Colleague: 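Before we start, here is the structure in question, set down as structure tokens.
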2 protein chains.
Amino acid sequence: MGNPNRDQEYLGKLQDYYGNYRSLPSYAVIGEMLGMASKSAVSALVKRLILAGYVEMTPDKRLAPTNRFFERELADFNVPAGLPAAANDAMSESLTLDEYLIAKPSSTIMVRVRGDSMMEAGIYDGDIAIVERRPAANIGDIVVAIVDNEYTLKELAKDKQGFVLLPHNAAYSPIRPEESLEIYGVMVGLVRKYR
Amino acid sequence: MGNPNRDQEYLGKLQDYYGNYRSLPSYAVIGEMLGMASKSAVSALVKRLILAGYVEMTPDKRLAPTNRFFERELADFNVPAGLPAAANDAMSESLTLDEYLIAKPSSTIMVRVRGDSMMEAGIYDGDIAIVERRPAANIGDIVVAIVDNEYTLKELAKDKQGFVLLPHNAAYSPIRPEESLEIYGVMVGLVRKYR
DNA sequence: GTACTCACAGAACATTCGTTCGCCGTAGCT
DNA sequence: AGCTACGGCGAACGAATGTTCTGTGAGTAC
């Protein structure tokens, strides 16, 4: 049994483990898991995986998966003949959507969108907006702002007269804050569910 | 300084850390991060968090997050004055995005959307479609279909001549399968990430 | 006031961690 | 054949791990 890519198989087992526990085990346990009797073999393997970009060391010297670690989850459409499911039928739930969308959990909140004022930006009534709490935003960001004690989701823009909140729906007109404009947070993601 | 729920703040920092590195640090680092000078305090905290169900120990005695660790509050917009962040409103539920969107993990796949043919349905280039594998679909469903050996995302419709695949973009015309129409799956969710 | 609870400090402890180094066997080359 | 490259073994090592125990100070109830 030649083994050009035994590492791939090892990686797979690590991915499975991570899928189960959302954490990577110690070298000793990895060795046990992969059928290796010595930790030095694991150490070498880990170095290879780091080189290949599948895992990395945190600043605290802990082993952690990188983005590439989860790569197989996403199927791309325009692979002409290749089935999207080909590689990843055993799609264990390694890359969770939460991890994908939410970078700063403690300051992130989900808000259900009401109204159709952002329809032309592909944001519909009933969608869930992932909002990162933050008192400032950039022009062009879609923000949750507090205007007249009410929350609104709009695009932040600026013209000669100052800041404006732009709806994305021809039937609505821009909101020009009269007194003050408070940014509640910035929209960093969108989730929609079909029934 | 009374502190009924200082743990909540600690949990937030842990969540942020995990969001950055996809791994939990050692007790020493946790202590440093939370401003605690002794590991015994961390040990106590961890026990509390385990009791509360936010983290757990893997069979290998490693600290790992549980599902609850990833739960977020879902707030509704038009709460007039109430802060969406209110901890325990009746109208806010807690959930993870995965649980929300993915009902059948084993038959669900994520596909990156290419092209703008569904733009007017709020599905943009670069979005991620959550697709449930299924050989049949209902009229009106948005489906991933295989036509001429290519995958397409369209709305399934039917007229006097048979099945049609409808794009949602005035610039495209409906696709009428010549020979056969194979349904790969049905789109059950959408995820978009802003940068 | 006293008594009790509880979060945290601080230090001692055995256990486990990952690194390192020399050695072995197989695969592929020339 | 000889040679090199390389994945894995086995053991030794210091450093770091998490547990445990005693103390301390603030908060609360009586």
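Within every chain, numbering begins at 1; the chains are lettered A, B, ... in the order of the sequence lines, protein sequences first and strands thereafter. Predicted model, so just to flag it, every value in this text is computed and none were measured.
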Colleague: In whole angstroms, how far is the P atom of dC8(C) from the CG atom of L45(B)?
Modeller: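 So the two atoms are 7 Å apart, to the nearest Å.
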Colleague: What is the distance from OH of Y10(A) to P of dG8(D), rounded to the nearest Å?
Modeller: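 Whole-Å distance recorded here is 4 Å.
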Colleague: If you check every side-chain atom of R48(B), which of dA7(C), dG10(D), dC17(C) has the closest atom?
Modeller: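 Taking heavy atoms from C-beta onward, the closest nucleotide is dA7(C).
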Colleague: Rounding to an integer number of Å, can you tell me how far D60(B) CG sits from dG18(D) P?
Modeller: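 So the CG-P distance, D60(B) to dG18(D), works out to 14 Å.
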Colleague: Are K104(A) and D16(B) ion-paired here, with the side-chain N under 4.0 Å from a carboxylate O?
Modeller: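 Not counted as a salt bridge, because no side-chain N and carboxylate O are separated by less than 4.0 Å.
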Colleague: For M36(A) and dG8(D), give me the distance from atom CE to atom P, rounded to whole Å.
Modeller: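 Computing the M36(A):CE to dG8(D):P distance gives 6 Å.
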Colleague: Please report whether the ring centroid of Y100(A) lies less than 6.0 Å from that of F70(A).
Modeller: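 Judged by ring-centre distance (under 6.0 Å), F70(A) and Y100(A) do not meet the cut-off.
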Colleague: Of the nucleotides dA9(C), dT19(C), dT20(D), which one has an atom closest to the side chain of S43(B)?
Modeller: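 Taking heavy atoms from C-beta onward, the closest nucleotide is dT20(D).
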Colleague: Here's a test of your reading of the structure: between A41(B) and A28(A), which maps to the more 5' nucleotide of DNA chain C?
Modeller: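 Checking each residue's closest nucleotide, the 5'-ward one belongs to A41(B).
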Colleague: Please state how far atom CE in M33(B) lies from atom P in dC8(C), giving the value in whole angstrom units.
Modeller: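 Value for this atom pair: 14 Å.
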Colleague: Give me each pair satisfying salt bridge (Lys or Arg N to Asp or Glu O under 4.0 Å) with a member in residues 159-169 of chain A, each pair once, sequence neighbours excluded.
Modeller: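 Applying salt bridge (Lys or Arg N to Asp or Glu O under 4.0 Å) to every pair that reaches into residues 159-169 of chain A, excluding sequence neighbours, yields D159(A)-R176(A).
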Colleague: Please compare K47(B) and K39(A) by the position of their nearest nucleotide in DNA chain D and report the one closer to 5'.
Modeller: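 Its nucleotide being nearer the 5' end, the pick is K39(A).
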Colleague: Figure out the CD/C1' separation between E32(A) and dC9(D), and round it to whole Å.
Modeller: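 So the two atoms are 16 Å apart, to the nearest Å.
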Colleague: Atom CG of L63(B) to atom C1' of dT19(D): distance rounded to whole Å?
Modeller: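 Rounded to the whole Å, the gap is 14 Å.
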Colleague: Tell me whether D98(A) is salt-bridged to R72(B), with the criterion being a basic N under 4.0 Å from an acidic carboxylate O.
Modeller: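 No salt bridge links D98(A) with R72(B).
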Colleague: Given dG10(D), dT17(D), dA9(C), which nucleotide is nearest the side-chain atoms of R62(A)?
Modeller: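 My answer, after comparing the listed nucleotides, is dT17(D).
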Colleague: If you only use heavy atoms from C-beta on, which nucleotide in dG8(D), dG18(C), dA7(C) is closest to the side chain of S26(A)?
Modeller: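 Of dG8(D), dG18(C), dA7(C), dG18(C) is nearest to the side chain of S26(A).
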Colleague: Between dC17(C), dC8(C), dT19(D), spot the one nearest the side chain of Y27(B), thanks.
Modeller: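 Of dC17(C), dC8(C), dT19(D), dT19(D) is nearest to the side chain of Y27(B).
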Colleague: What is the separation between atom CD1 on I30(B) and atom P on dT17(D), rounded to the nearest whole Å?
Modeller: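 Between P of dT17(D) and CD1 of I30(B): 11 Å.
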Colleague: Between Y172(B) and D116(B), does any side-chain donor sit less than 3.5 Å from a side-chain acceptor?
Modeller: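 Y172(B) vs D116(B): donor-acceptor pair found between side chains.
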Colleague: At less than 3.5 Å, do the side-chain atoms of S40(B) and the base atoms of dG10(C) form a donor-acceptor pair?
Modeller: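 When only heavy-atom distances are counted, S40(B) does reach the base of dG10(C) through a donor-acceptor pair under 3.5 Å.
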Colleague: Can you identify which nucleotide, out of dG10(D), dT17(D), dT20(D), has its nearest atom closest to the S38(A) side chain?
Modeller: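 Per side-chain heavy atoms of S38(A), the pick is dG10(D).
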Colleague: Which listed nucleotide (dT19(C), dG18(D), dC9(D)) is nearest to the side chain of A37(A)?
Modeller: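 From the listed options, dC9(D) comes nearest.
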